[in-house]
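Input: a single structure, listed below in structure tokens.
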Amino acid sequence: MLSHAIRSYCVPDNTSTLKFWNGDWNLTWHTENPDFTQCFQNTVLVWIPCIYLWACFPVYFLYLRCHDRGYIQMSNLNKAKTALGLILWIVCWADLFYSFWERSQNIFRAPFFLISPTVLGITMLLATFLIQYERMKGVQSSGVMTIFWLISLLCATVIFRSKIILGAEVDAFRYVTFCTYFILLLVQLILCCFPEQPPLFSETVNDPKPCPEFSASFLSRITFWWITGLMIQGYRRPLEAKDLWSLNKEDTSEEIVPGLARNWAKEWYKMMSNWQGYFYTGLLFVCACLQTLILHQYFHICFVTGMRLKTAIVGVIYRKALVITNSARKTSTVGEIVNLMSVDAQRFMDLATYINMIWSAPLQVILALYLLWQNLGPSVLAGVAVMILLVPINAVMKAQMKSKDNRIKLMNEILNGIKVLKLYAWELAFREKVLEIRQKELKVLKKSAYLAAMATFTWVCAPFLVALSTFAVYVKIDKNNVLDAQKAFVSLALFNILRFPLNMLPMVISSIVEASVSLKRLRVFLSHEELDPDSIIRGPTTDARLNYVHFIFSINFTVPEGSLIAVVGQVGCGKSSLLSALLGEMDKKEGYVVVKGSVAYVPQQAWVQNATLKDNIIFGREMNESRYKRVIEACALLPDIEILPTGDRTEIGEKGVNLSGGQKQRVSLARAVYCNADVYLFDDPLSAVDAHVGKHIFEKVIGPKGILKNKTRVLVTHAVNYLPQMDTILVMSDGEISEMGSYQELLKQDGAFAEFLRTYANAEQSMENSGKLTPGLYFPRLKISIFNRQLSNSSTYSRETGKSQHQSSTAELQKPLAEKNSWKLTEADTAKTGRVKATVYWDYMKAIGLFISFLSIFLFMCNHVASLASNYWLSLWTDDPVINGTQQYTNVRLGVYGALGISQGIAVFGYSMAVSIGGIFASRHLHLNLLHNVLRSPMSFFERTPSGNLVNRFSKEIDTIDSTIPPIIKMFMGSTFNVIGACIIILLATPIAAVIIPPLGLVYLFVQRFYVATSRQLKRLESVSRSPVYSHFNETLLGVSVIRAFEEQKRFIKQNDMKVDENQKAYYPSIVANRWLAVRLEYVGNCIVLFAALFAVIARNKLSPGLVGLSVSYSLQITAYLNWLVRMSSELETNIVAVERWVVHHSYTWPEEGKVEFRGYGLRYREDLDLVLKNINVTINGGEKIGIVGRTGAGKSSLTLGLFRINEAAEGEIIIDGINIAKIGLHDLRFRVTIIPQDPILFSGSLRMNLDPFDQHSDEDIWRSLELAHLKNFVSALPDKLNHECAEGGENLSVGQRQLVCLARALLRKSKILVLDEATAAVDLETDNLIQSTIKSQFEECTVLTIAHRLNTIMDYTRVLVLDRGEVVECGSPDNLLQEKGIFYSMAKDSGLV
């Protein structure tokens, strides 16, 4: 039909038909010199570009109308483009007028001579219009137009070639116009490759580091050339955060989040002549290149969409967290919310990339099957059956996130309470708890590892099994079915195409399931109740009136403006709730609250941000120097600022770790005072500070003469001494106001409160004024039992240093600038730079186990050798000669082919299992180490390291080691061997390829090294910039009531957006870098395809068709493999970064012989004191019994302190069994050396707990140790036996018994080194002898050090050390020392032993 319609255009009014396809295919296909007919050239080839532009126009026009980027000024480039467009129009219409002129001369041409120039001319006008319209809408480089000029030029090239061949037959005028037209098109295309200048008033003008993407030309964008600058920079030196570009405006949180927030509210020919071979080769190459460009544009769009999704989700969660009610807050732990931000947002990101597979995968499968059917007929069904059987194995879902959530939650608690853990040495108990959860997690991992092994097995073997079954059925059905090269290799290629969609489908489905789980979690969180903003009226009334119900039953009171109100009452009577109600943090049941003006709030638990001291006080307000100084002085912060390393610019750690409780409270107070609000709510700020500081603060800030004297102040307090200065006092009990009035009124009312006040105030006065006690006012305690906390100044925090309060100039506040920059408390999560060291890989292999590592490498080799062999065998089979329409040896061929395939399968399964199980070993080992090291770190480490970093390490990095690294290793190894295999096959088939593969290999390596340098660093920067997002979020959740009270939500949202954008700033280039790499590499791969096919065409007469088929089918896969290889090697490198961070600890059999050496050892108690021990050099061999004697203060006990590292060495070292004790963990040391201390201390709890707090020993062991300690009879006589409750300090046992319990402890631990710090008078002689005899018998092969006060206990020891003034003065066996008549002799004489 179509050709008939077009043909009518080609018929001149008075001539016979001009052929459209000249004589069937003779002119175009079956010829050595192919060409199109005149008619085809002048219609179809002219109209293709026109149709393209007119089809794009409506959509593009609308797009430009909606996306206005600003106005671009007229430039020379633009003028040139416009002028050329107009000239093109004139040239086209010159042809049109020439045709009219011909008609007037009675020369009748075919209609297309009129129609084509008309259409083309109008299209050129449209193109010119678009050039101008794009300029007005701020388009710097247009893809639509570039493609238009490219298509026009390609079509014109075909016509141009034809005109040159025909030469003389063409009329001169049209020949000239056409040449002009062709040259103009070429120039237009070249001009189109240059971008315009940026639009006026665009953000990029003010941006210091704009992203070059939008100003890049279309070609640069489609090949990702614009990121090359950054790649070069990253190759030359490691990238830093300052090298990154700003985010594009449409990728920032500011642009993206509101959108989501709004929507949430709503919801082959055998007979070929020469040139065709080359034509197909070229076509193969062009198709591959086009596919590369289009595919990666698609991926780029997907990834950017994913990134925006993540930004939006994080933003929405953060905004929600600021308005959620307190009751709803309790249902989601911090750990869960952080997981929503990290894990769930990531799920959506991943889904965005694959979602289109839902329809495209089935489409690919159907197409491939159709082509296979064409090729092999019904035997394809056998293959399909095998495939369908293999799919479900892949579709098994992974176990849920529950145990990970629990582990992160527990880690969060541990990190927050690390100080308590350290003080109680509970690290081990908690470590067990974490490891228990971890054990469950690893169980799940193990299951998924087995499944992953199965999946890998099916993924690798599926194409082979399918091919095997199909070929087997094909050759067995009919003797005449010959398996030749065409059939075999076309089928293989198609089976390989099938492999991808079939394996992606289950992945996509599971990804959708996971995302829907995440969506559910998000929905639950986002639909929590929010605080009602109207629950308090911030009105202009002069009074703050309150009528409130909740914990607080109906309450009515009015606070006059500018008055000072105290709220007192016993613990839990609703004082803080009253303030929460005033802030609108409670659920209002009835009544109304009116608060005039702005509010400042000081919570009971001070909330301090991780920022400088100054920022904490100013809290986002304008800086006012004089006010700031007044506030600091009034809040008694001057002495503290002097102590801090860099004055008020000192950075405060997370949760204020480097401030004492009182300092935090005063910073919190200063923040409120500085903000100059109208109403002040103080929730007992004075309890955390010392009495004199409290007094200072009351006088200077809160009281009638303080800075705030004209403001309305509500003070919850327990300090009675300030009550007389209050305007009104509210007395609360059980959520109601029981009494209310001024101090005098309450005294007049003479309630129980008044009595209490009198008693208490007088008692206080009597202390101050020594006397003046009014007699007879001591009432029985009963009446006032409501105030069981006696309204005392309950100071729970560390006492403050009372420094003299003196004026201080600004200069003093801000300590010298040189210091200022040198000191920083929290260390940002730092990015390592440079290549990952080989040792890291080696460490990982050791963690897996070297045997498993090498086994899996060997199995990999086997698998790939088998795979190559089977395909080579197939090529030999296809070359078998066909005799009488059948092939011989079919059975042998099929048998060997099958055997090779099965051996391949076994190898795959083997290595898959090995890698997965090895991965689990590794992650168990690494997690243990990480946990071990973190719990062992000194407190200073936790003060410096924001918890966000550590949580990041425990969630993201461990997750990487668990579930990311093993599959990456599999794919990396697989890709490596695949590439090598493909190269080998290509070389076998066409040895001439040896010329081309090495240079391409070099290009490849260069590109890869180039990329990995940049990508690795971007990945590191991205993971480093992720930590602050979590830290900031954690901090916000803790201080949310303060943020709301000060109405600072906007500022915090903005901060969060900035932190997310910082993170995406590193993420965006890393996506683009990935695409940049893929495009470059696929071109290398496409070149390999091109050359493999080209050499095959060149040498087609000499080669066997089987080998050629093999070679080309391998080269087709090589692109994918190369891509994977680089992707995997860089993934491996970027992810192995997670393994970069551990230290290995000593094994646990130490110490084995118990040899102790003091080398030049010295000890002092504090930096500024003299040495208590000097220059001690002693070697004690394993099993020796040593007595240590000396007069009081000679340094005997100091020696034990040094041995247990209660005090660290000032000089020298102590070596136990060849290990310097300063280099190992304190737990390791103190668990391995046992002491029976001077004062026997027991803890309240069962006797059993006192002997074995970690439940490490069985009851039999414990009874044995009690028997040896001569306590068995006593304990078995107790009613509860081992569960006998010891009172605090063991008060209900005698001192001697306690000493024996300590001995039993030592016997239970049975360590190689025992230290006896001998009790002076605690034990009667009889018990002493018992202890000594037990030690002799039980600790025979142990080293025993006894600090002796009674010399008779050590007369039979191996050696005695005599200390005097911290030095060893005598050393030897007791007998020798007695003969020397030195210090030891005189001591023995004093004891009456000589």
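We count residues from 1, following the sequence as given.
What you find for Ile652 and Thr612 is that their closest heavy atoms are CG1-C, 4.2 Å. Heavy atoms only, all atoms of each residue included: Glu561 and Thr712 are closest at CA-OG1, 3.6 Å. Tyr680 and Val673 make their closest contact through OH-O, 3.4 Å (heavy atoms, listed as atom of the first residue, atom of the second, distance). Shortest non-hydrogen contact noted between Asp683 and Ser576 is OD2-OG, 2.8 Å. Contact record, Leu638 with Glu633: CD1-CG, 3.8 Å, taken as the closest heavy-atom pair. Shown here for Leu715 and Pro685, the closest heavy-atom pair between the two residues is CD1-CD, 3.8 Å.
For Arg1026, the salt bridge (Lys or Arg N to Asp or Glu O under 4.0 Å) partners two or more places apart in sequence, or in a different chain, are Glu1022. Residues meeting the salt bridge (Lys or Arg N to Asp or Glu O under 4.0 Å) test with Glu699, sequence neighbours left out: none. Applying the side chain to side chain donor-acceptor pair (under 3.5 Å) rule to Ser1025 yields the partners Asn1063; only residues at least two apart in sequence or on another chain are considered. In this view, Lys1050 satisfies the side chain to side chain donor-acceptor pair (under 3.5 Å) rule with no residue, not counting sequence neighbours. Judged as a side chain to side chain contact (heavy atoms under 4.5 Å, CB included), and not counting sequence neighbours, the contacts of Ser1041 are Glu585, Tyr601. For Tyr674, there are no ring pair (Phe, Tyr, Trp, His ring centres under 6.0 Å) partners two or more places apart in sequence or in a different chain. Not counting sequence neighbours, Glu745 has no partner by the side chain to side chain donor-acceptor pair (under 3.5 Å) test. Every residue meeting the salt bridge (Lys or Arg N to Asp or Glu O under 4.0 Å) condition with Arg621, not counting sequence neighbours, appears here in chain and number order: Glu1048. For the ring pair (Phe, Tyr, Trp, His ring centres under 6.0 Å) test, residues two or more places apart in sequence or in another chain that qualify with Tyr318 are His1032, Phe1033. The salt bridge (Lys or Arg N to Asp or Glu O under 4.0 Å) test applied to Lys695 returns no partner, not counting sequence neighbours. Under the side chain to side chain donor-acceptor pair (under 3.5 Å) criterion, Asp727 pairs with no residue, sequence neighbours left out.
Considering Thr311, Asp1061, Asn1056 as possible partners of Ser253, the one that fulfils the side-chain hydrogen bond (donor to acceptor under 3.5 Å, both in side chains) test is Asp1061. With Ile729 as the partner, the side-chain contact (heavy atoms from CB on, under 4.5 Å) test is satisfied by one option alone out of Val568, Leu564, Ile565: Val568.
Taking the side chain as every heavy atom from C-beta outward, Asp1057 and Arg319 approach each other to under 4.5 Å. Residues Val567 and Leu579 fail the side-chain proximity criterion, which asks for heavy atoms closer than 4.5 Å. Using a 4.5 Å heavy-atom threshold, the side chains of Arg1044 and Leu322 count as separate. In this structure the side chain of Thr1036 never reaches within 4.5 angstrom of the side chain of Gln1055, judged on heavy atoms. In this structure, Lys596 and Asp678 have side chains that are not in contact, with every pair of non-hydrogen atoms separated by 4.5 Å or more.
For Gln1049, the CD atom sits in a packed shell: over 12 heavy atoms of surrounding residues, nucleotides or ligands are nearer than 6.0 Å. Within 6.0 Å of NZ in Lys209 there are more than 12 heavy atoms belonging to other residues, nucleotides or ligands. The local environment of CE in Met1058 is sparse, with at most 12 non-hydrogen atoms from other residues, nucleotides or ligands closer than 6.0 Å.
Separating the CD atom in Glu651 from the CG atom in Asn616 is a distance of 10.0 Å, to the nearest 0.5 Å. Between Gln605 atom CD and Gln665 atom CD the span is 8.5 Å, to the nearest 0.5 Å. Between the CD1 atom of Ile337 and the CD1 atom of Ile317 there is a distance of 8.5 Å, given to the nearest 0.5 Å. With rounding to the nearest 0.5 Å, the separation of OG1 in Thr325 from NE2 in His528 is 8.0 Å. To the nearest 0.5 Å, atoms NZ (Lys614) and OG1 (Thr646) are separated by 11.5 Å. Between atom CD1 of residue Ile617 and atom CG of residue Leu613 there is a gap of 4.5 Å, rounded to the nearest 0.5 Å.
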**Message:** I'd like to know whether Leu578 forms a side-chain contact (heavy atoms from CB on, under 4.5 Å) with Leu730, so could you lay out the CA-CA distance, the side-chain angles of the two residues, the decisive distance to 0.1 Å, and finally the verdict.
**Reply:** CA-CA 11 Å; Leu578 182 67; Leu730 297 184; 4.2 Å; yes
**Message:** For Tyr722 and Leu686: C-alpha separation, side-chain torsions, deciding distance, then whether side-chain contact (heavy atoms from CB on, under 4.5 Å) applies.
**Reply:** CA-CA 11 Å; Tyr722 304 127; Leu686 301 176; 3.4 Å; yes
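The residues Lys1059 and Glu1062 are annotated as not salt-bridged, no charged nitrogen and carboxylate oxygen being separated by less than 4.0 angstrom.
Counting only distance, with no hydrogens or angles, the side chain of Asp684 and the backbone of Gln604 share no donor-acceptor pair below 3.5 Å. Looking only at distances, no side-chain donor or acceptor of Tyr628 sits under 3.5 Å from a matching main-chain atom of Met623. Between the Arg671 side chain and the Val667 main chain, no donor and acceptor come within less than 3.5 Å of each other. Side-chain atoms of Trp607 come within 3.5 Å of backbone N or O of Glu1035 as a donor-acceptor pair.
For the ring-ring contact (aromatic ring centres under 6.0 Å, His included) condition, the pairs that include at least one residue of residues 608-627, sequence neighbours left out, are Phe619-Phe1046, Phe619-Phe1052.
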